Every structure is written in structure tokens, then in C-alpha cells.
Amino acid sequence: MANRLEIQDLWVSHEGKTILKGVNLALPLGEVHALMGPNGAGKSTLGKVIAGDPNYRVEKGRILLDGEDITELAPDERARKGLFLAFQYPVEVPGVQVANFLRLALRERLGEEPRIAEFYARLKEAIELLDWDESVLSRYLNEGFSGGEKKKNEILQLLVLRPRYAILDETDSGLDIDALKVVARGVNSMRGPEFSALVITHYQRLLNYIVPDVVHVMMDGRVVKTGGPELALELERRGYDWLKEEVAGA
Ligand SMILES: Nc1ncnc2c1ncn2[C@@H]1O[C@H](COP(=O)(O)OP(=O)(O)OP(=O)(O)O)[C@@H](O)[C@H]1O
Ligand SMILES: [Mg+2]
């Protein structure tokens, strides 16, 4: 059985409007892929649909995780299978402290109560890697967090939950170079045969720190081109117009 996340001819709509128009994409376990494309191409929608966001309707196609069709599974069931989505705009959860949130999320992920010693060991290691202070653990989730702190918190979740497939939707905008480095450090520390990530980003800049194995480009609801890291450099240099023409001419 192939260990991979696979999107097959995925068509998705929202309130009657078709957003994804036949997405095909394969992310083998152990690889880090970047997903690029202009505003409104459908990148975030794809990420949310992979995670099981009920606001979108799958009209056609399927999502396979390690060969199993997960298209109809609830988000928590997907999380248990090792899928993780970090949101482009992180939510505030008033009244829930960071540590408690992480413990609950880890319970979801494992399908059982995490061992406390193990949980705290993971937390400590992650906090150190992020150059953070343990006092953050008693703060309320994302409440009053700066953009950079929200980003750190997202990566903290990644490090504690240790998913097998992570979808990271990165705004880039508003993130300073240190925040980008935090994302990169987190992702790079997870890299290995049992981890893969789909990093959604606009800018080549992040990909200087997280060097992807493969780059996909989405336009108008489809993946229109797939290549190596050099594709991101080419897009940075030339923009998207040439690719639009290439797609139109095909
Ligand atoms: N919940 C929603 N309600 C209405 N329209 C939506 C919704 N989600 C997505 N869309 C529409 O689908 C299209 C794709 O949006 P999406 O957010 O997936 O693009 P994106 O590639 O992530 O763009 P960006 O680079 O700006 O983040 C847009 O036209 C958007 O307005
Ligand atoms: Mg987006």
C-alpha cells in the first residue's frame, strides 16, 4: 500500500459556486511539497477540504490517505489518521489555555488520553526548539497573540501532535523573517520518512528556508504545473502570466 496523500480529480463547490475544478495532487509520505498560485486559485479551499471542512461540498473525485478513501470522514477522524491543518487565519479560543488545548488535541490525535510524562516531554522539547517561554502555556489560545506568536503556536501544535501529513497555509504577509524562520525550523525538525507537509505559500522567500522536494502551482481551481524547487524561483522571477498563457495554449 502506498503511503501518500492523494487528491484525485477533486471538484468542490461552496453555495453553488464551483471553486475546485479537478485537482490532482500526490504527496508521498516523507516529502515536503509547496503549493503556490495566485490569490483566489483555491489553495486554502483545497487545504480546508483535505481537513474535512463541512462548509464545502465535494461534487466529484476523492481524497485518499495511505490508500484509504477519507473524502467523507469527519475532521477528527482524519486527525486521528495523522492529518494536520494549520489555518491561514488562526482562531482565538477564549478561555482555553494553550497547554490544555494541546492536550485535548493530542488526545484527538491519539484516540486516547496521552501519557502525561510523554506529553510534557514533547511540550518542553517544542518550546525549546521555538526559543519560547513556558509561560505561554498558561495563556489563552491566540488571545492577544501577535502574528508571530500565533505562528509559533501553530508550529508548537505541529511539534506536539507529530502528524504524518501536515497542511500549512502560510500567509507570509505580516510575518517577519524571524516568524518565517520559526515555521521553517519547526517543519525542518519534523522532516523524515514518517512526515510530509504541503506548504501553501505565495512567496519564494519561505522556500529558501524550507526547501521543498516538489512545487505545485494552482490556478483557477486546478493544479496546472508541478516541478522542482526551481519552479518557485521561476515564478518569483517571472510572475504567473507566462504560466497562464502556457495553460491557455495547452
Ligand atoms: N467560504 C467561502 N465563501 C465564499 N467564497 C469562498 C469561500 N471559500 C473560498 N471561496 C472562494 O473560492 C475562491 C478560492 O479561494 P481560496 O481562499 O481557496 O484561494 P487561495 O488560493 O487560498 O487565495 P489566497 O492566495 O488569496 O489565500 C475565491 O474566489 C474565494 O472567494
Ligand atoms: Mg489562501
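Since the model is a prediction, treat every value here as computed from it, not as a measurement. Values below: all heavy atoms of this structure, side chains included; hydrogens, waters and symmetry mates excluded. Counting starts at 1 for both ligands and their atoms, following the listed order.
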Q) For the side chain of Ser196 and the backbone of Arg164, is there at least one donor-acceptor N/O pair under 3.5 Å apart? A)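 Flag set: sc Ser196 to bb Arg164 pair under 3.5 Å.
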Item to complete: Mark yes or no for whether Glu149, through its side chain, and Ser146, through its backbone, hold a donor-acceptor pair below 3.5 Å.
Response: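 Confirmed, Glu149 side chain pairs with Ser146 backbone.
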Compute the minimum heavy-atom distance from Asn55 to ligand 1 and say whether it is under 4.0 Å.
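Contact absent.
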Can you tell me if His202 contacts ligand 1 (heavy atom of the residue under 4.0 Å from the ligand)?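 Flag set, His202 near ligand 1.
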Check ligand 1 against [X] and write out every atom of the ligand that is under 4.0 Å from a heavy-atom position of the residue.
X     : result
Gly40 : 13 (C), 14 (C), 19 (O), 20 (P), 21 (O), 23 (O), 24 (P), 26 (O)
Tyr56 : 1 (N), 2 (C), 7 (C), 8 (N), 9 (C)
Ser44 : 17 (O), 18 (O), 20 (P), 22 (O), 27 (O)

query: Would one find an N, O or S atom of Thr45, in either backbone or side chain, under 2.8 Å from the Mg ion (ligand 2)?
result: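 No N, O or S atom of Thr45 is closer than 2.8 Å to the Mg ion (ligand 2), so no.
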### Message
Please classify the Asn39 to ligand 1 contact at 4.0 Å (heavy-atom distances, strictly less than): side chain, backbone, both or neither.
### Response
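The answer is both, backbone and side chain.
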Taking distance alone, with N or O pairs closer than 3.5 Å, would you say [X] contacts ligand 1?
X     : answer
Ala41 : yes
Gly42 : yes
Gly37 : no

Distance-only check: which donor-acceptor pairs under 3.5 Å involve side-chain atoms of residues 221-230, not counting sequence neighbours?
| from | atom 1 | to | atom 2 | distance (Å) |
| --- | --- | --- | --- | --- |
| Lys225 | NZ | Glu246 | OE2 | 3.0 |
| Thr226 | OG1 | His216 | ND1 | 2.9 |
| Glu230 | OE2 | Gly228 | N | 3.3 |

salt_bridge([X], [Y]) N-O dist < 4.0 Å:
X      : Y      : value
Arg122 : Glu125 : no
Arg162 : Glu194 : no
Arg4   : Glu31  : no

ask   = For atom 28 (C) of ligand 1, which candidate among Lys43, His14, Lys17 holds the nearest heavy atom?
value =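 Heavy atom nearest to atom 28 (C) of ligand 1 belongs to Lys17.
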*With a 3.5 Å cut-off and no angle check, do the side chains of Asp66 and Tyr165 form a donor-acceptor pair?*
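Distance-only check passes for Asp66 and Tyr165.
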Could you note down all residue pairs passing ring pair (Phe, Tyr, Trp, His ring centres under 6.0 Å) where residues 108-137 supplies at least one of them, sequence neighbours left out?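 Matches after skipping sequence neighbours: none remain.
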